[in-house]
There are 2 protein chains.
Amino acid sequence: MTVLSIGELSKRSKVNVETIRYYERRGILPAPPRTRGGHRVYADEHLLRLNFIRRSRELGFDLVSVRQMLGMVDGGNMTCENIREIATAHLDVVRSKIADLKRMETTLYATVARGDGGGDPECPILEALFDGGSEAPRR
Amino acid sequence: MTVLSIGELSKRSKVNVETIRYYERRGILPAPPRTRGGHRVYADEHLLRLNFIRRSRELGFDLVSVRQMLGMVDGGNMTCENIREIATAHLDVVRSKIADLKRMETTLYATVARGDGGGDPECPILEALFDGGSEAPRR
DNA sequence: GGTACAACCTGTAGCGACTACAGGTTCAAC
DNA sequence: GTTGAACCTGTAGTCGCTACAGGTTGTACC
């Protein structure tokens, strides 16, 4: 039965003190008991939960999804199927972000590389940015 | 010498009216002349510039970089070398975002796929989120 | 028991790049 | 002259924090 100040919780979870309080305000981490003076007092369960949150955030889940998943765990209404749905939806989001960034990377690299060659053209990067059409690289 | 209302400029550039005004406030699009009644009146040069901004944004440049590039074009102090520096730095940022997202994708996919198999384990996704360590996927 | 000072508290404002109003004015067509 | 879409300004909200300001509490040491 460990007892932790917010600072100690912060160190062990590697989550910023301000962020911990922010999670509490957002209803993602439950409000812990307080000392007589008003300081927060945490227990192991909070550390566990905070680790879950950090790990989810590292994987790119937004706080709404994190709250949903934790809410399911808390209430009895949890199905692994529901959790899987959230995770799968998020995986799709991550994959489409990767696709977007790869499209950027391709166009950017082509643009930056273009001027490397011989002559002294005005500025191929600017030209590409000025006369380019919409999103999708032409061709 | 085309004359455009903000609505027409918006249609042609595919940039939201509110966003156009936002760019003006941020000093990225110059404030155009007004009608007697106070409506903004744009010319072709604004469309050109706005297309540049849109295209840069689609490639992920932030507004500070866009302003820097446009500032160089406006003042005489532009070198293609400076432009290339900005673009190359941005390319690095894009590439590291891709790397981050790929790491997420790998871990996420492994996590989601884990429970597909036979038995009826509690919930492998939750387990992974609860007992996972820091950022880097182990193994 | 006193004192110093780190750690804590609340509440608010800022970031970036928009978006979405509210509440009012102007323009264009008929 | 009248409608009504388009425009105007200014402000607040989004997301996930981060960074104060200005005050209070906890704790270690003498």
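Throughout, a chain's letter reflects where its sequence line sits, starting with A, and its residues are numbered from 1. Note that the structure is predicted; figures quoted are calculated from it, not measured. The figures here come from the full heavy-atom set of this structure, side chains too, leaving out hydrogens, waters and symmetry mates.
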Rounded to whole Å, please give me the gap between [atom1] in [X] and [atom2] in [N].
X: B/Tyr22; N: C/dC18; atom1: OH; atom2: P; result: 6 Å
X: B/Glu24; N: C/dT19; atom1: CD; atom2: C1'; result: 17 Å
X: B/Arg67; N: C/dG16; atom1: CZ; atom2: C1'; result: 12 Å
X: A/Glu18; N: C/dT12; atom1: CD; atom2: C1'; result: 12 Å
X: B/Arg25; N: D/dG10; atom1: CZ; atom2: P; result: 9 Å
X: B/Glu8; N: C/dA28; atom1: CD; atom2: P; result: 9 Å
X: A/Arg36; N: D/dT27; atom1: CZ; atom2: P; result: 10 Å
X: A/His39; N: C/dA6; atom1: NE2; atom2: C1'; result: 10 Å

Earlier contact from the 5' end, DNA chain C, for B/Gly38 and B/Ile53: B/Ile53
From B/Asp62 atom CG to B/Gln68 atom CD, the distance as rounded to the nearest 0.5 Å: 8.0 Å
CD1-OG1 distance between A/Ile28 and A/Thr19, expressed to the nearest 0.5 angstrom: 11.5 Å
Distance test, side-chain N/O of [X] to OP1/OP2 of [N], below 4.0 Å:
X: B/Asn16; N: C/dT19; answer: yes
X: B/Ser5; N: D/dC7; answer: yes
X: A/Arg40; N: C/dC8; answer: no
X: B/Tyr23; N: C/dC18; answer: yes
X: A/Arg21; N: C/dC9; answer: yes

Of the nucleotides [options], which one has an atom closest to the side chain of [X]?
X: A/Val17; options: C/dA17, D/dC8, C/dC8; answer: C/dC8
X: B/Thr19; options: D/dG16, C/dT19, C/dT26; answer: C/dT19
X: B/Arg34; options: D/dT9, D/dT25, C/dT19; answer: D/dT9
X: B/Ile6; options: C/dA17, D/dG16, D/dC7; answer: D/dC7

NZ/NE/NH1/NH2 to OD/OE distance under 4.0 Å, [X] and [Y]:
X: B/Lys102; Y: B/Glu105; result: no
X: A/Glu24; Y: A/Arg40; result: yes
X: A/Asp100; Y: A/Arg103; result: yes

